[in-house]
Every structure is written in structure tokens, then in C-alpha cells.
J.: 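Here's a structure for you.
Note: hydrogens, waters and symmetry copies are ignored here, and every other heavy atom, side chains too, is used. All values reported here derive from a predicted model rather than from experimental measurement.
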Amino acid sequence: YMEDRIINTSNGLPDTNSSQTADSSVLKVWGGRTIDGHVTISGAKNSALVLMAGALLCSGHCRICNVPSLADVSRMGEVLSALGMRLERNGNIIDIDASEITTSKAPYELVTQLRASFFAIGPLLARLGEAQMPLPGGCAIGARPVDLHVRGLQAMGAEVQIEHGICNARVPDGSGRLKGAKIYLDLPSVGATETLMMAATLADGETVIENAAQEPEVVDLANFCISMGAQIQGAGTSKIVIQGVAQLHSTDYNVIPDRIEAGTFLIAGAITRSELVLSPVMPEHLMPVIAKLGEIGVPVIEEGSNCLRIKPAEVLKATDINTMPHPGFPTDMQAPFMSLLALAEGDSIINEKVFENRLRHASELNRLGADIRVKGNSAFIKGVSAFSGAPVEGTDLRAAAAMVVAGLAASGETTIRGLNYLDRGYDRLDLKLQQLGAKIERVEDTEADALNLGAENSATPSNGSASVSG
């Protein structure tokens with residue numbers, strides 16, 4: 001019975017071949033029109049992935065609901081299956097049985113594709129007393145080292161060595177159990193906070209994490225662990241205190257709505273001068289985005305506890321943005337917001353203070369007619385009156401979303417490559433936009449080339465041309 005429930009590349013989670021499909025397909029967007037209607041926000045990618053890893057802590061059965069359909073979720077399922085866990089997906093529900101973990105060694109080829117899978121080192125070490133985890137991959141948006149994770153695990157009594165791209169960790173004494181510790185993080189890293197909080201739930205004694213990340217996804221993970229019997233206080237503040245327990249029990253838990261997907265749809269509404277209704281959302285998770293939209297003249301209205309309505313702005317005004325750890329402006333919203341500010345009246349500045357190498361989308365927006373100059377980790381944006389369609393590429397996950405929302409505002413046709421990034425983090429973004437009335441279509445790359453050729457043969461010289469600067 002249980003063997004049928006194992007998720008693998010041929011059974012269980014959707015989109016297991018999506019990266020291959022995405023590599024060979026593009027999005028065609030015919031912009032310059034308004035969109036309208038209600039959009040359903042999916043569960044948070046960054047929460048669902050770490051909750052799946054957190055299920056390793058439970059020696060029984062966990063049910064996680066409101067899980068988005070994403071390539072990254074499929075990859076995480078493959079990593080957990082390779083460790084011996086049994087998973088079954090029905091719609092947006094994943095049932096996980098971690099009663100038997102057959103190995104402490106995660107597969108290199110899977111972990112190197114998905115950064116979030118590295119976070120499983122914490123619960124693996126807590127459950128088994130040992131873990132072998134390849135160093136992670138993911139989007140190429142600068143250095144995101146694992147030294148904070150490693151130093152925290154060492155403080156809890158683990159021996160950690162990194163050799164040949166593998167992080168080998170073990171608890172040296174006979175108990176196999178980590179010890180509570182006082183940990184100070186040099187940076188409020190979300191990944192390190194989550195890894196160490198999970199490890200501490202089963203440790204012997206009290207663990208204190210100072211300068212902890214305060215992101216909503218950290219709070220969601222803490223609540224998930226608490227629902228399994230963990231004793232955690234302070235999640236969502238800079239100091240988290242965990243009293244270790246001997247074991248955790250089964251749970252049934254709902255993933256929070258994705259604040260970045262919701263923010264992306266708010267930008268889509270703002271850039272097309274449209275009225276949209278979004279639910280379910282947690283408005284408090286979106287306060288920095290809502291505040292900045294207000295500054296540039298876009299009204300966002302709360303309707304009830306889990307619903308937002310965005311209305312068209314009369315004029316888009318320039319503003320400045322500094323990305324910061326939560327509760328500051330989220331780095332994951334920086335790229336979509338740049339698309340919007342490129343069409344605002346006046347000069348804007350975006351300072352990327354979380355990741356280096358995360359402004360590569362500026363040159364792609366310039367292909368559409370934006371006027372953006374990048375210096376270091378800052379983008380200087382002179383607002384233009386319009387975009388015109390052109391071929392562009394999403395250089396990372398959120399940059400790909402920025403290209404989509406920019407394409408919605410551009411006259412003519414925009415072709416977007418880099419969908420392997422987009423599908424890692426957005427649950428059927430193109431289909432949701434179609435339901436709002438956007439003219440957007442996913443086609444095979446060869447078909448797109450033929451469409452482009454036909455358009456070029458029939459186009460006048462002024463059609464689809466974009467001024468490029470910077």
C-alpha cells in the first residue's frame with residue numbers, strides 16, 4: 001500500500017518535467033490592455049519547501065495543505081523520497097510519511113538544483129544524528145553561503161566538515177542528540193534561522209537564536225513545528241527560543257498564502273492601470289509593498305481579513321526603494337517593482353541591499369524601452385512614457401516575473417525566455433493572467449521563432465523597436 005505513495009519522477013507531484021518543458025518554451029505577451037477580475041493566491045513557495053523538509057522531524061505522518069504546483073516542490077519531493085520518506089500528492093495536499101528514513105545522504109544531483117533542500121540538514125541531523133548534504137544550488141543571484149548554518153550546528157555540538165562539495169555533519173557522542181546552544185547570526189539569514197530552529201526542536205535543552213530572520217515564512221515554519229509538539233517562542237522577532245523535546249507528532253497544516261505572488265499580481269494590476277481583487281492574502285505580510293504602491297499613487301484597499309483590492313492610479317509617481325530583510329521591503333519584489341517604476345513619472349532609485357548580482361533584469365527592461373542605469377547594487381531609473389514589445393529573458397526567478405508584468409504594459413508583442421526560472425516559483429502565472437483577460441500564451445521556442453519571423457516580415461520599421469540605454 002505505502003509503496004504506491006512514494007513520489008518519484010513518474011508518479012505523484014506535478015510538473016516534474018517542467019524544467020525541461022520550460023527550457024524549450026517561451027511566453028508570448030501581447031500587452032497594452034487592462035486586466036480585470038479575482039485572482040486566487042497560491043500557498044507560499046518559500047514556506048511549503050521548508051515545511052516539507054520540516055516533516056523530517058516527525059516520526060509519523062504529516063499532511064501539508066495549500067501547497068503550490070511548482071517545479072521546486074517537485075524537486076523537494078524527489079529529495080525527500082530519496083531519503084526514504086513516502087509522499088503522496090492530491091491536488092494542493094501532500095501527505096508525508098517520515099516514519100522510516102532509510103539514508104542520511106541526500107542525492108547530489110537533486111540538492112544542487114534546489115537551494116532550499118539544503119535546509120533538510122537540520123532536521124536530518126536532529127532525527128538521525130548524522131547528515132550528508134551536498135552544497136546547494138538555485139538562482140544565481142550572488143553568494144548565499146552556508147557558513148551560518150554550519151557554525152550554528154557546530155554550536156549545538158555537531159562535527160561538520162565540507163569536502164568535495166558535500167557537507168558532512170554528525171553528533172559525535174553516543175546519544176546522537178544535538179545540544180541546546182546560544183547562537184548569534186551575523187546576518188538575519190532566513191535559511192540559517194530555519195535550519196537551526198528545526199534542528200533545535202529535538203535537541204537536548206534550550207536553544208536561543210539571536211538576530212534571527214523575522215520573515216513570515218519563518219513564523220509559518222515555527223507554527224508548523226509547534227503543531228507537531230515543538231516548544232518555540234519568539235518566531236517573527238529577532239530572538240527565537242526553542243526548548244527541545246524528545247519527539248514530534250503528526251500534524252495537518254495549511255501553508256500561508258504567497259506574499260511574493262500576491263505582490264506580483266499587485267504590480268500587474270498597477271502597471272496595466274487595472275482593478276483586481278486578490279485572495280487569500282495576509283495583508284500584514286504585504287505592508288512594505290502596499291506602502292510603496294501608495295507612495296507612487298496606486299490605491300490598495302483591504303476588504304476583510306484576507307482580501308485586497310487594487311485600483312488604477314491616475315498617475316504613477318517615482319519613489320526610492322531599499323530592499324531589506326523583513327519587515328523591510330522584500331528583495332523578491334525588487335525586480336517586478338522596477339518594471340513599474342520604469343513607467344513612473346520622474347527619477348527613482350532602487351538599492352539592492354540583500355543580494356549582490358540581482359539587477360541583471362535592468363538591461364532586459366531597457367530592451368523594452370526603459371531607461372535604467374546600474375551602478376554596483378543600485379539602479380537609477382528615469383521614467384519613460386511607454387514600453388514597446390521585444391524579446392527578453394528572465395535572468396532569475398523574480399526577474400522572469402518582472403518581464404511578464406512589463407510585457408503586460410508593453411505595446412505589441414513581448415517574447416519571454418527563461419521560463420525554467422519562472423516555473424520554479426510561480427504557480428501557473430500565465431494561466432492566472434489569462435483568466436484576468438491578459439493575452440498571454442506559452443508556446444514552444446521553435447514556434448515562437450516562426451511567429452517572430454512572421455512579425456518581422458510584416459512589421460513596419462517603427463513597430464516593436466525599443467530604445468536601449470545604459
J.: Any non-hydrogen side-chain atom of R360 less than 4.5 Å from a side-chain atom of N357?
T.: yes
J.: One pair to check against salt bridge (Lys or Arg N to Asp or Glu O under 4.0 Å): K179 and D204. What are the steps and the verdict?
T.: CA-CA 5 Å; K179 302 288 190 290; D204 181 11; 5.0 Å; no
J.: More than 12 non-hydrogen atoms from neighbouring residues, nucleotides or ligands closer than 6.0 Å to CD on E100, yes or no?
T.: no
J.: Run D258 and K45 through salt bridge (Lys or Arg N to Asp or Glu O under 4.0 Å) and show every step you take.
T.: CA-CA 7 Å; D258 195 314; K45 167 204 152 189; over 6 Å; no
J.: Among T323, N377, N322, which residue meets the side chain to side chain donor-acceptor pair (under 3.5 Å) test with E352?
T.: T323
J.: Which distance, rounded to the nearest 0.5 Å, do you find between the CG of N211 and the CD1 of I240?
T.: 10.5 Å
J.: Would a distance-only check, ignoring hydrogens and angles, find a side-chain to backbone donor-acceptor pair under 3.5 Å from R127 to A98?
T.: yes
J.: Could you check whether the rings of H285 and H326 sit parallel, tilted or perpendicular, using 30° and 60° as the cut-offs?
T.: perpendicular
J.: In the structure I gave you, are the side-chain heavy atoms of N46 and D332 within less than 4.5 Å of one another anywhere?
T.: yes
J.: More than 12 heavy atoms of other residues, nucleotides or ligands under 6.0 Å from CD of Q161: yes or no?
T.: no
J.: For V67 versus A48, what's the shortest heavy-atom pair and its separation?
T.: CG1-CB, 4.3 Å
J.: Do Q243 and T201 have side-chain heavy atoms sitting under 4.5 Å apart?
T.: no
J.: The test is side-chain contact (heavy atoms from CB on, under 4.5 Å); show your working for E261 and K432 and say whether it passes.
T.: CA-CA 11 Å; E261 184 194 28; K432 289 184 179 183; 2.6 Å; yes
J.: Tell me yes or no: between the side chains of D36 and S274, is some donor less than 3.5 Å from an acceptor?
T.: no
J.: Rounded to the nearest 0.5 Å, what's the gap from CG on L70 to CG on L422? Could you check?
T.: 10.0 Å
J.: Between R115 and D72, is there a side-chain heavy-atom distance shorter than 4.5 Å?
T.: no
J.: Out of curiosity, E364 CD to M338 CE, how far, rounded to the nearest 0.5 Å?
T.: 12.0 Å
J.: Checking side chain to side chain donor-acceptor pair (under 3.5 Å) against H61, which of D97, T251, D95 comes through?
T.: D95
J.: Locate the shortest heavy-atom distance separating F224 from C62; write the atom from each residue and the value.
T.: CZ-SG, 4.3 Å
J.: Got more than 12 heavy atoms from elsewhere within 6.0 Å of CD, Q233?
T.: no
J.: Give me the one residue out of V50, I121, V150, L125 that meets side chain to side chain contact (heavy atoms under 4.5 Å, CB included) with T195.
T.: I121
J.: For G77, does its backbone N or O pair with a side-chain atom of R89 as donor and acceptor, under 3.5 Å?
T.: no
J.: Indicate yes or no: at least one non-hydrogen side-chain atom of E215 is less than 4.5 angstrom from one of R259.
T.: yes
J.: Taking all atoms of both residues into account, what is the closest heavy-atom pair of V255 and S47, and its distance?
T.: CG1-CB, 3.9 Å
J.: Could you grab the distance from atom CZ of F119 to atom CG of L49, nearest 0.5 Å is fine?
T.: 9.0 Å
J.: Should K317 and E295 be marked as a salt bridge (Lys or Arg N to Asp or Glu O under 4.0 Å) after you check the CA-CA gap, both sets of side-chain angles, and the distance that decides it?
T.: CA-CA 7 Å; K317 295 175 285 191; E295 280 181 27; over 6 Å; no
J.: Would you indicate whether F380, at its atom CZ, is surrounded by more than 12 heavy atoms from other residues, nucleotides or ligands within a distance under 6.0 Å?
T.: yes
J.: Using only atom types and a distance under 3.5 Å, with no angle test, would you say the side chain of S81 pairs donor to acceptor with the backbone of E78?
T.: no
J.: Would you check, one step at a time, whether the test side-chain contact (heavy atoms from CB on, under 4.5 Å) holds for C307 with V277?
T.: CA-CA 7 Å; C307 184; V277 177; 3.4 Å; yes
J.: Restricting to non-hydrogen atoms, name the atom on A192 and the atom on L185 that form the minimum distance, rounded to 0.1 Å.
T.: CB-CD2, 4.3 Å
J.: R424 and D396: salt bridge (Lys or Arg N to Asp or Glu O under 4.0 Å), yes or no, with the steps?
T.: CA-CA 10 Å; R424 286 187 48 217; D396 63 52; over 6 Å; no
J.: Check whether any side-chain N or O of D220 sits under 3.5 Å from a backbone N or O of I256 as a donor-acceptor pair, and report yes or no.
T.: yes
J.: Report the distance from atom OG1 of T193 to atom CD of E217, rounding to the nearest 0.5 Å.
T.: 12.0 Å
J.: Between L202 and A246, what is the shortest heavy-atom contact and its length?
T.: CD2-O, 3.9 Å
J.: Can you find a heavy atom in the side chain of R75 that is under 4.5 Å from one in the side chain of L110?
T.: no
J.: Measure from the side-chain N and O atoms of S99 to the backbone N and O of G60, and report whether any donor-acceptor pair falls under 3.5 Å.
T.: no
J.: Run R63 and I93 through side-chain contact (heavy atoms from CB on, under 4.5 Å) and show every step you take.
T.: CA-CA 7 Å; R63 169 170 284 184; I93 297 171; 3.6 Å; yes
J.: Can you give me the closest heavy-atom contact between L148 and D186, atom names plus distance?
T.: CD2-N, 3.9 Å
J.: In the structure I gave you, are the side-chain heavy atoms of S339 and I271 within less than 4.5 Å of one another anywhere?
T.: yes
J.: Supply the atom-to-atom distance L293 CG to K311 NZ, rounded to the nearest 0.5 angstrom.
T.: 15.0 Å
J.: If you apply the rule side-chain contact (heavy atoms from CB on, under 4.5 Å), what do you find for T264 with V404, and how did you get there?
T.: CA-CA 10 Å; T264 303; V404 174; over 6 Å; no
J.: Determine whether more than 12 heavy atoms belonging to other residues, nucleotides or ligands lie under 6.0 Å from atom CD of E314.
T.: no
J.: Is K292 reaching over with its side chain to a backbone N or O of D320, donor-acceptor style, under 3.5 angstrom?
T.: yes
J.: Are the side chains of I242 and L196 in contact, using a 4.5 Å heavy-atom criterion?
T.: no
